[in-house]
Amino acid sequence: MRRTNLTDSLKETPSQTAGPYVHIGLTPNFAGIAGVYPHDLGSRMISDRTRGERVVIEGQVIDGSGSVLRDALVEIWQADAAGLYPSPNETRGSADPAFAGFGRCPSDQESGAFRFETIRPGPVPWPDGRMQAPHIQFWVVARGINIGLHTRMYFPEDEAALAADPVLNLVEHAVRRPTLVAQSLGGGRYRFDIRLQGADETVFFDI
Amino acid sequence: MSSNAAPERGTFYPRDFAWHPPAYHPGYKSSVLRAPRRALISLENSAGDLAGPVFGHDILGPLDHDLTANAATPGESAIGERIVVHGRLLDERGRPVPGALIEVWQANAGGRYRHRKDGYLAPLDPNFGGCGRVVTDADGAYAFRTVRPGPYPWMNRPNDWRPAHIHFSLWGAGFAQRLITQMYFEGDPLIGHCPIIATIPQADAIDRLVARLDMDNTQPFDSIAWRFDIVLRGRKATFFENRPEGM
């Protein structure tokens, strides 16, 4: 047997923080390392041919002192307008080929803001067949975050669907559920801040 | 992908959070205000967790796998000890993860990152950017060439130094497999002094992040090889395939 760091137990490789220089690896053009990759992965989710209602999602990641993180990296993953994921592992049909489903955005180095131009996702069923309210999955990494944080964002207009949503209803403390719902700024713009600590700490998931 | 096996449909093995570093670990000071303090809400996997974006070989440029050359003036090369890092990407059932994107980033041979926030004394190397990416083959295998990164000091305790390391960003077939980690080098005496490594509770888990010197694959008069195998969450076996679709 060749020497390897594996043992008999194939447990998942442990996580380590993405660190303060995550931009070099995941968004090198943003980090000023031009010419290695033509563009940063996940920087463009939609084109003119993408089906669905355009939305813009903006927000910040905020620490336990109320300070904005300027070195975070946020990834999102969502269904297309028909509720299908653009993935070979989507078993329910074929998603819009003009939609990436995946977005990646570093916090702005001054304001800490992230911003995604995407489309409103269609509803996706929960494993038991009930319908989930339209939502976007978020994954946050940064210096000081030892394992990437999963959360999800819902749209505030979907009141009936939110009330029936299987995931929101799993959040025992109903007072925490609004941390998962974006604020509408009008004109298809939404604000979704992610709070790492505090009385209004965002709900994070073990998926 | 050349595999003709049917795609797996099972849900993922639960993530063992006692094996991973906890969010809050005061020895790593940056975690103190950035660690969620409430319990995670555990969900069963749904469609968005089981599916994930796939980035094919077609996104790769000809030098994406060679950090000694991909930011260098043509004909020149990054300064440092030439190495090849290679291994396999597997899941917890030992199955290869083919067609998966691996993104890496690192400091240069002097321990300096090409980043506006890194002000370490060590010089930048004009021929080194510090990023690379590969896509695993049908056996889950990957390889890239780089220079061995240097250790560097960082703001934590007054005299903390990171061991030489390479950051890895990993994709599987489902978004729930998403993982970022760091690879260290066998024999590095700084491993035992690092507060970031010490966030991992168990020694055998730390050992899984330590690449092994691989003399068999070392290329004479060219590059020393290091082997680093990586494991993503596995999918539960679907033992019985005769259930009607949708049940």
Side-chain angles (χ1 to χ4, degrees), chain A residues 2-7 10-21 23-26 28 31-33 36-37 41 63-65 77 79 85-91 100-102 124-127 137 139 141-149 167 170-171 196-197 201 203-207, chain B residues 7 15 19-21 23 25 30-31 33-34 36-38 40-54 70-71 92 94 103-105 113-115 117 129-131 167 169 173-176 178-182 196 199-200 205 208-212 227-233:
Chain A
R2 292 280 187 257
R3 301 176 70 230
T4 167
N5 58 312
L6 291 188
T7 58
L10 284 183
K11 285 177 77 78
E12 186 183 14
T13 296
S15 174
Q16 290 269 264
T17 179
Y21 308 121
H23 317 102
I24 293 173
L26 301 191
I33 301 171
V36 181
Y37 308 150
L41 203 67
D63 76 11
S65 76
W77 172 237
Y85 288 93
S87 167
N89 273 27
E90 173 57 84
T91 57
F102 165 69
V124 176
W126 190 241
Q137 293 184 226
W139 193 67
V141 295
R143 171 177 64 90
I145 294 177
N146 287 329
I147 184 165
L149 299 171
V167 170
L170 277 171
V171 179
L196 301 177
Q197 294 179 354
E201 178 180 313
V203 172
F204 296 103
F205 295 103
D206 160 23
I207 60 171
Chain B
R15 185 165 256 169
W19 170 259
H20 288 283
H25 197 283
S30 294
S31 75
L33 284 171
R34 294 182 169 195
R37 306 304 287 269
R38 316 267 182 119
L40 301 176
I41 307 288
S42 293
L43 302 179
E44 59 183 306
N45 291 155
S46 58
D49 309 323
L50 298 170
V54 168
N70 68 16
E92 289 171 291
E103 297 159 286
V104 298
W105 67 101
Y113 285 92
R114 185 172 287 283
H115 194 281
K117 287 183 66 181
C131 60
H167 297 265
S169 164
F175 197 64
R178 192 83 179 85
L179 183 70
I180 282 181
T181 191
Q182 302 182 28
I196 288 177
T199 61
I200 300 173
R208 292 280 303 280
L209 298 182
V210 180
R212 302 302 200 263
R227 172 145 190 154
F228 184 56
D229 292 328
I230 306 161
V231 179
L232 300 179
R233 291 169 71 183

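All chains are named by letter (A, B, ...) in the order of the sequence lines, taking the proteins before the strands, and each is independently numbered beginning at 1.
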Ranked by heavy-atom pairs below 4.5 Å to chain A, first place among B:Ile200, B:Thr181, B:Leu232, B:Ile196 goes to B:Thr181

Under 4.5 Å from any heavy atom of chain A - which part of B:Ala23 | backbone

Is the backbone N or O of B:Ser169 less than 3.5 Å from a side-chain atom of B:Trp105, with the two atoms forming a donor-acceptor pair by type?
-> no

Most heavy-atom pairs under 4.5 angstrom with chain A, which of B:Gly52, B:Gly174, B:Gly130, B:Ala176?
-> B:Gly52

Check B:Arg114 against B:Gly129 and note the closest heavy-atom contact, atom names and distance.
-> CB-O, 3.7 Å

If only atom types and distance count, is the side chain of B:Trp19 paired as donor or acceptor with the main-chain N or O of B:Ala205 below 3.5 Å?
-> no

Donor-acceptor contact present, side-chain A:Thr13 to main-chain B:Val231, <3.5 Å = yes

Interface moiety of B:Gln182 toward chain A, non-hydrogen atoms closer than 4.5 Å | both

Looking at B:Ala71, B:Gly94, B:Ala173, which has the largest count of heavy-atom pairs under 4.5 Å with chain A?
-> B:Ala173

List the atom of A:Lys11, the atom of B:Arg208, and the distance in Å for their closest heavy-atom pair.
-> O-NH2, 2.5 Å

Side chains of A:Val124 and B:Ser46: closer than 4.5 Å at any heavy-atom pair?
-> no

A:Ile147 versus chain B, heavy atoms under 4.5 Å apart: side chain, backbone, both or neither?
-> side chain

About how many Å separate CD1 of B:Ile41 and CZ of A:Phe204, when rounded to the nearest 0.5 Å?
-> 11.5 Å

What part of A:Phe205 is in contact with chain B, defined as an atom under 4.5 angstrom from a non-hydrogen atom: side chain, backbone, both or neither?
-> both

Chain B interface, residue from A:Val167, A:Leu41, A:Ile145 that has the most non-hydrogen pairs under 4.5 Å | A:Leu41

When A:Ile33, A:Ile24, A:Asp63 are compared by non-hydrogen pairs under 4.5 Å with chain B, the top option = A:Ile24

Proximal component of B:Leu50, with respect to chain A [non-hydrogen, under 4.5 Å] | backbone

Where does B:Ser42 contact chain A at under 4.5 Å (heavy atoms): side chain, backbone, both or neither?
-> both

Options B:Arg38, B:His25, B:Glu44, B:Arg233, ranked by heavy-atom pairs under 4.5 Å with chain A, top entry | B:Arg38

For chain A, find which of B:Arg178, B:Lys117, B:Arg212, B:His167 contributes the most heavy-atom pairs closer than 4.5 angstrom.
-> B:Arg178

Chain B contact via A:Phe102 - which portion, at a heavy-atom distance below 4.5 Å | side chain

Just by modelled atom types, is the A:Ser15 backbone N or O under 3.5 Å from a matching donor or acceptor in the A:Asn146 side chain?
-> no

Under 4.5 Å, counting heavy-atom pairs only, tell me which of B:Ser31, B:Ala47, B:Ser30, B:Gly48 racks up the most with chain A.
-> B:Gly48

Partners meeting ring-ring contact (aromatic ring centres under 6.0 Å, His included) with A:Tyr21 (sequence neighbours left out) | B:Tyr113, B:His115

Lys/Arg-Asp/Glu bridge criterion (N-O < 4.0 Å) met for A:Glu201, B:Arg37 = no

Portion of A:Ala79 that has a non-hydrogen atom of chain B nearer than 4.5 angstrom = neither

